[in-house]
Amino acid sequence: MNNNLSIEFVKVTEAAALAAGRWTGRKKKEEADEAATEAMRNTFNAIQMSGTVVIGEGEMDEAPMLYIGEQLGTGNGPKLDIAVDPLEGTNIVAAGTANALTTIAVAEQGTLLHAPDMYMKKIAVGPEASGKIDIDAPVIENLKAVAKAKNKNVEDLVVAILDRERHETIIQEILAAGARVKLVQDGDVLAAIHTAFEHSGIDMMLGSGGAPEGVLAAAALKSLGGDFQCKLLPQTDEEKNRLKEMGLNDFTKTLFIDDIVKSDDTYFVATGVTDGELLRGVQYKGNLGITHSIVIHGKSRSVRFIEGQHHLVN
Ligand code: VTB
């Protein structure tokens with residue numbers, strides 16, 4: 001992929017964040033999501049590329065969402081797979097709390113997992129524990145393996161997990177092993193990526209969340225040298241049929257990071273909407289909007305933090 005595209009992709013998440021940020025703390029999550037989606041689509045469509053959404057917010061009939069199979073870009077230029085989460089944390093934005101972001105991952109055509117938007121069981125770790133995890137193993141075994149790899153005691157480990165009733169058993173297993181939890185209201189993309197950033201204090205991410213969020217996290221973690229495994233969790237026959245239509249017949253099998261993201265030639269990009277632990281949120285000063293983004297390039301494994309100043313036309 002042409003390196004110059006990276007700045008074009010940053011513009012996409014910046015535009016989405018600038019649009020969604022206007023809705024921060026207004027208790028209007030749908031409006032925030034729609035604003036992010038529209039800005040993302042418009043900015044993508046100005047890029048010289050032939051992109052396809054391989055995993056996103058829903059199916060064609062659920063428009064205005066960026067749907068699976070949607071074509072993005074001018075139609076000229078490289079053929080690319082795109083994973084999108086126009087607004088990771090719609091509830092966060094509505095409530096005006098922390099860690100909402102806009103995010104995309106882009107890779108060469110045919111290299112990102114193409115799957116419906118459904119639940120996915122996930123495990124994520126940073127570079128030190130890469131290759132040591134097993135999504136099928138008991139929680140305690142994964143904790144022991146991560147502790148050993150990081151030269152820590154199990155008691156020192158912090159596991160990020162979405163604060164949901166469905167996770168009660170896993171949470172109890174983490175606590176019984178002596179480790180600690182960091183309960184996350186929303187946003188398991190960031191929770192997963194945090195495992196690769198020492199200062200976050202998070203050693204592992206467990207639990208089920210959205211499949212698009214899983215692909216986005218895997219794209220970032222692959223470039224950061226971390227590890228990620230998952231299993232798709234269809235809830236209905238309709239979801240099972242949709243999986244089959246997409247060629248995923250054996251949905252019970254574990255998907256490893258290289259199954260989810262097959263190439264190194266990837267970009268993961270995110271822009272903060274509300275202030276968070278990795279990125280500051282959008283700040284508005286009159287006609288000026290200030291954004292903070294991260295760009296992770298798989299080929300070079302470079303990580304860049306980019307501050308943008310934007311003159312906004314109202
Ligand atoms: C996660 C999280 C999202 O949905 O994937 C989660 O990353 C999973 O779904 O920010 P439930 O909310 O149904 O548990 C979000 O929290 C919201 O899309």
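Everything quoted here is computed from the prediction, not taken from an experiment. One-based numbering, in listed order, for ligands and for the atoms of each.
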| message | Quick check: do I174 and M204 have side-chain heavy atoms less than 4.5 Å from each other? | response | no
| message | Checking a contact table here: which protein heavy atom is nearest atom 16 (O) of ligand 1, and how many Å away? | response | D186 OD1, 2.4 Å
| task | Have a look at K222 and tell me which of I296, D258, D227, T266 forms a side chain to side chain contact (heavy atoms under 4.5 Å, CB included) with it. | result | D258
| message | Salt bridge or not between E8 and K11? Use side-chain N to carboxylate O under 4.0 Å. | response | yes
| task | Below 4.0 angstrom from a heavy atom of R164, which ligand 1 atoms are there? Numbered from 1 as shown, please. | result | 11 (P), 12 (O), 14 (O), 16 (O)
| said: Looking only at distances, can you tell me whether any N or O atom of K122, backbone or side chain, sits closer than 3.5 Å to an N or O atom of ligand 1? | reply: no
| request: Provide the number and element of each atom of ligand 1 under 4.0 Å from a heavy atom of L162. | output: 1 (C), 6 (C), 8 (C)
| message | If we check side chain to side chain donor-acceptor pair (under 3.5 Å) with D203, which of these qualifies: H194, K182, K150? | response | K150
| message | Suppose we measure from atom 3 (C) of ligand 1 to each protein heavy atom; which comes out shortest, and what is that distance? | response | E88 OE1, 3.5 Å
| Best match, A192, G210, A217: closest heavy atom to atom 5 (O) of ligand 1 | G210
| request: Any atoms of ligand 1 less than 4.0 Å from a non-hydrogen atom of Y119? List them with their elements. | output: 9 (O), 11 (P), 13 (O), 14 (O)
| note | Atoms of ligand 1 under 4.0 Å from any heavy atom of G209, numbered from 1 in the order shown, are 5 (O), 8 (C)
| task | Using a strict 4.0 Å threshold on nitrogen-to-oxygen distance, state whether D136 and K231 make a salt bridge. | result | yes
| Side-chain contact, heavy-atom cut-off 4.5 Å: L66 with L72? | yes
| Pair R301 + D264: basic N to acidic O under 4.0 Å | no
| query | How close does the nearest protein non-hydrogen atom get to atom 18 (O) of ligand 1, and which residue and atom is it? | reply | E213 OE2, 3.9 Å
| said: Tell me the protein heavy atom at minimum distance from atom 2 (C) of ligand 1, and give that distance in Å. | reply: G187 N, 3.5 Å
